[in-house]
Amino acid sequence: MFAACATVLTGLHTAFFTLSDTVLIALTGSALASVIGMFLVILNWLYPREKEKSV
């Protein structure tokens, strides 16, 4: 939520809030990594891998 608000405020070119391009890229990348990580954790919880049977 913070990353989205920061991106919108930077895009509106408000005088009280500006971020450089590299900071926006880092903020967006870390937010995307967090979302993908949560997605993988949820999928692993919903569909656990079956353990291989040893003979």
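Residue numbers count from 1 along this sequence. The structure displayed is predicted, hence computed values, not measured ones.
- A continuous path of Ile, Leu, Val, Met, Phe, Trp and Tyr side chains, each step under 4.5 Å between heavy atoms, connects Leu9 with Val23, placing both in one hydrophobic cluster.
- Residue Asp21 qualifies as open at atom CG: its count of foreign heavy atoms under 6.0 Å is 12 or below.
- Cluster membership check: Phe17 does not share its hydrophobic cluster with Leu12, using side-chain heavy-atom separations under 4.5 Å among Ile, Leu, Val, Met, Phe, Trp and Tyr.
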Donor-acceptor list for residues 25-43 side chains, cut-off 3.5 Å, not counting sequence neighbours:
unit_1: Thr28; atom_1: OG1; unit_2: Leu24; atom_2: O; d: 2.8
unit_1: Ser30; atom_1: OG; unit_2: Ala26; atom_2: O; d: 3.2
unit_1: Ser30; atom_1: OG; unit_2: Leu27; atom_2: O; d: 3.0
unit_1: Ser34; atom_1: OG; unit_2: Ser30; atom_2: O; d: 3.0

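- Residues meeting the side-chain hydrogen bond (donor to acceptor under 3.5 Å, both in side chains) test with Ser20, sequence neighbours left out: Thr22.
- Val8 is not connected to Met1 by any chain of hydrophobic side-chain contacts under 4.5 Å among Ile, Leu, Val, Met, Phe, Trp and Tyr, and they are in different clusters.
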